[in-house]
Novice: 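One structure is given below, represented as structure tokens, and several questions about it will come after.
To find a chain, count down the sequence lines: A is the first, B the second, and so on, and within it residues start at 1.
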2 protein chains.
Amino acid sequence: MGDPFSAIYAVRSGFFKTTVVHEMGHEQVVGFFMCGELFGLDGVGSATYNCTAIALEDSEIVVLPFALMQDLAQENQAMQRQLHQILCREITRDHGVMMLLGSMRAEARLASFLVNLSARFVRRGYSPSDFVLRMTREEIGSYLGLKLETVSRLFSQFQKSGLLNVQQKHVCILDPQRLQQLLATST
Amino acid sequence: MGDPFSAIYAVRSGFFKTTVVHEMGHEQVVGFFMCGELFGLDGVGSATYNCTAIALEDSEIVVLPFALMQDLAQENQAMQRQLHQILCREITRDHGVMMLLGSMRAEARLASFLVNLSARFVRRGYSPSDFVLRMTREEIGSYLGLKLETVSRLFSQFQKSGLLNVQQKHVCILDPQRLQQLLATST
DNA sequence: CGTGGGGTTGACTCAAGTCAATTTGGGTGG
DNA sequence: CCACCCAAATTGACTTGAGTCAACCCCACG
């Protein structure tokens, strides 16, 4: 954050979080990015980045100089459309998170988070039901607008009710169906 | 929402809200737009709009066909940059809302909302301290992740503590300084 | 002049936060 | 290789901020 904007970044391997900081040191996670996903888009409009990105494990990224992308977009219509799509998808993604933070109960938030992760893993050819979280409970909580204790309690509760198995960072989803249904649990 | 995407919209006069709907009817306000602001950006990436826009009073809009804007951007570098900036600003704006929803107490959320409105009014040459809300308590609540009763109570509380005067939709900010300080009230 | 949607207020409830004690497990240095 | 260390995670007891439910008021509109 604050660095002059010059490029956007594609995750080649590994796992990242992005955070924004509020007045006076309070910080919040605004996104998690895995292989094949892009971050740094928030800098496009301003002279500097508005987020800080942090690798949650050893990772590799591809640097995409934005000036170059703009030139390509100017020459090539398909490329331009692609670029706009990328920016817009970030907007839509954020709206989803706003929805989650604004109107879902803690239970539904965590369920939504897990369903989302699962979908992203499966798209990459990993198991949809068996994965390792790269982030801490505190980071999950920050992203979901919850305290770390609440996140921990919810994991335990989900486990007790047979939805999944948790062993620290290792999660195994047992009943994806019921997890999905939790999302609809209205306020 | 759901209509085929074709254009973005600039508010020429009046006031709009945009909403997204969650599984099964539950709806949330994701933005308010006044004179000079743009909405409909959420449709850029997909074939259809992801939000519904609703005028909160008699309003006029300028329709900006997106295909046309893309053509212009392709010819003109400054135009292209402008367009990217517009999209990105929406992302940054959303991050701000995520921060608000994820980590601020009810009091701070409403204060933030009022400070933001005030800044936008003053930029348009209106009074920063004296304005009429075009939206209901319920819409404010939906946007801020609060219930309408909570919003109403907060207005009363702010009034009692001399921060502002409220008379239904008419708001008069008495102590902008202290209102600003409320934002820092950490969780 | 009645009607109804929006707003206000009070009493009560409960989901999530806070504080604090304890466990787990990975990583490090002797 | 083992013992220790410490950050992360878990769990319990208690508190509290915001939600819920319900009664009532205000005022714009037909």
Side-chain angles (χ1 to χ4, degrees), chain A residues 15 17 26-29 54 56-58 100-114 132-161 163-172 182-183 185-187, chain B residues 15 17 26-29 54 56-58 100-114 132-161 163-172 182-183 185-187:
Chain A
F15 210 93
K17 67 171 177 182
H26 182 72
E27 144 173 342
Q28 180 169 349
V29 175
I54 296 171
L56 298 179
E57 61 179 336
D58 288 352
L100 179 145
L101 292 172
S103 68
M104 290 165 78
R105 347 175 333 101
E107 223 179 30
R109 292 187 202 184
L110 186 62
S112 166
F113 175 72
L114 291 170
V132 174
L133 300 171
R134 307 302 154 74
M135 68 295 278
T136 66
R137 300 287 187 260
E138 186 163 23
E139 286 159 344
I140 296 173
S142 172
Y143 181 64
L144 298 177
L146 303 170
K147 294 289 148 183
L148 69 95
E149 294 95 329
T150 305
V151 174
S152 181
R153 267 188 254 275
L154 286 169
F155 270 124
S156 302
Q157 176 193 317
F158 283 179
Q159 173 155 267
K160 203 171 308 173
S161 63
L163 276 173
L164 44 74
N165 276 328
V166 214
Q167 179 63 15
Q168 305 275 114
K169 292 198 151 64
H170 182 242
V171 173
C172 183
L182 263 187
L183 303 203
T185 318
S186 60
T187 309
Chain B
F15 210 94
K17 68 171 177 180
H26 182 71
E27 140 172 346
Q28 180 169 349
V29 175
I54 295 171
L56 298 179
E57 61 179 337
D58 287 352
L100 179 145
L101 292 172
S103 69
M104 292 167 76
R105 347 174 333 101
E107 223 178 29
R109 292 187 202 184
L110 186 61
S112 166
F113 175 71
L114 291 170
V132 173
L133 300 171
R134 307 299 153 77
M135 68 294 280
T136 66
R137 301 287 188 260
E138 186 164 22
E139 285 159 345
I140 296 172
S142 173
Y143 182 63
L144 298 176
L146 303 171
K147 293 289 148 183
L148 67 97
E149 294 95 327
T150 305
V151 174
S152 181
R153 269 187 253 274
L154 286 168
F155 270 124
S156 302
Q157 175 194 316
F158 283 178
Q159 174 155 265
K160 201 170 307 173
S161 64
L163 276 173
L164 44 75
N165 276 328
V166 214
Q167 178 63 15
Q168 305 276 115
K169 291 198 150 66
H170 182 243
V171 173
C172 183
L182 263 188
L183 304 203
T185 317
S186 61
T187 309

Novice: What is the distance, rounded to the nearest whole Å, between atom CG of A:L110 and atom P of D:dA9?
Specialist: 13 Å
Novice: With the sugar-phosphate defined as primed atoms, P, OP1 and OP2, and the base as all remaining atoms, what B/S/- string results for nucleotides 2-12 of chain C, 5' to 3', for protein heavy atoms under 4.0 Å?
Specialist: ----SSBBBB-
Novice: Could you state the CD-P distance from B:Q157 to D:dG17, rounded to the nearest angstrom?
Specialist: 11 Å
Novice: Below 4.5 Å, heavy atoms only, C-beta onward: do A:M135 and A:V29 meet side chain to side chain?
Specialist: no
Novice: Does some side-chain heavy atom of B:F155 sit less than 4.5 Å from a side-chain heavy atom of B:L114?
Specialist: yes
Novice: Looking at every strand, decide which applies to A:G141 at a 4.0 Å heavy-atom threshold: base, sugar-phosphate, or nothing.
Specialist: nothing
Novice: So do the side chains of A:L148 and A:E139 get within less than 4.5 Å of each other, counting heavy atoms only?
Specialist: no
Novice: Could you give the angle between the helix axes at the two ends of the helix from C:dC1-D:dG30 to C:dG30-D:dC1, with five pairs per end, rounded to 10 degrees?
Specialist: 40°
Novice: Treating B:R109 as the side-chain partner and B:L144 as the backbone partner, does any N or O pair qualify as donor plus acceptor under 3.5 Å?
Specialist: yes
Novice: Using side chain to side chain donor-acceptor pair (under 3.5 Å) as the criterion, list what pairs up with B:E27, not counting sequence neighbours.
Specialist: none
Novice: In whole Å, what is the span from the CZ atom of B:R105 to the P atom of C:dG17?
Specialist: 13 Å
Novice: Give a yes or no on this: more than 12 heavy atoms of other residues, nucleotides or ligands lie within 6.0 Å of atom CD of B:E138.
Specialist: no
Novice: C:dA15 P sits how many Å from A:E107 CD, rounded?
Specialist: 9 Å
Novice: Output the rounded distance in Å from NZ (A:K147) to P (D:dT10).
Specialist: 17 Å
Novice: With heavy-atom distances below 4.5 Å as the criterion, would you say the side chains of B:Q168 and B:L133 are in contact?
Specialist: no
Novice: Among B:L154, B:T150, B:L182, which residue satisfies the side-chain contact (heavy atoms from CB on, under 4.5 Å) criterion with B:L110?
Specialist: B:L154
Novice: Between B:H170 (NE2) and D:dC27 (C1'), how many Å, whole number?
Specialist: 16 Å
Novice: Could you give the CD-to-P distance, from B:E57 to D:dA28, as a whole number of Å?
Specialist: 16 Å
Novice: If the threshold is 4.0 Å, N to carboxylate O, is there a salt bridge linking B:K147 and B:E149?
Specialist: no
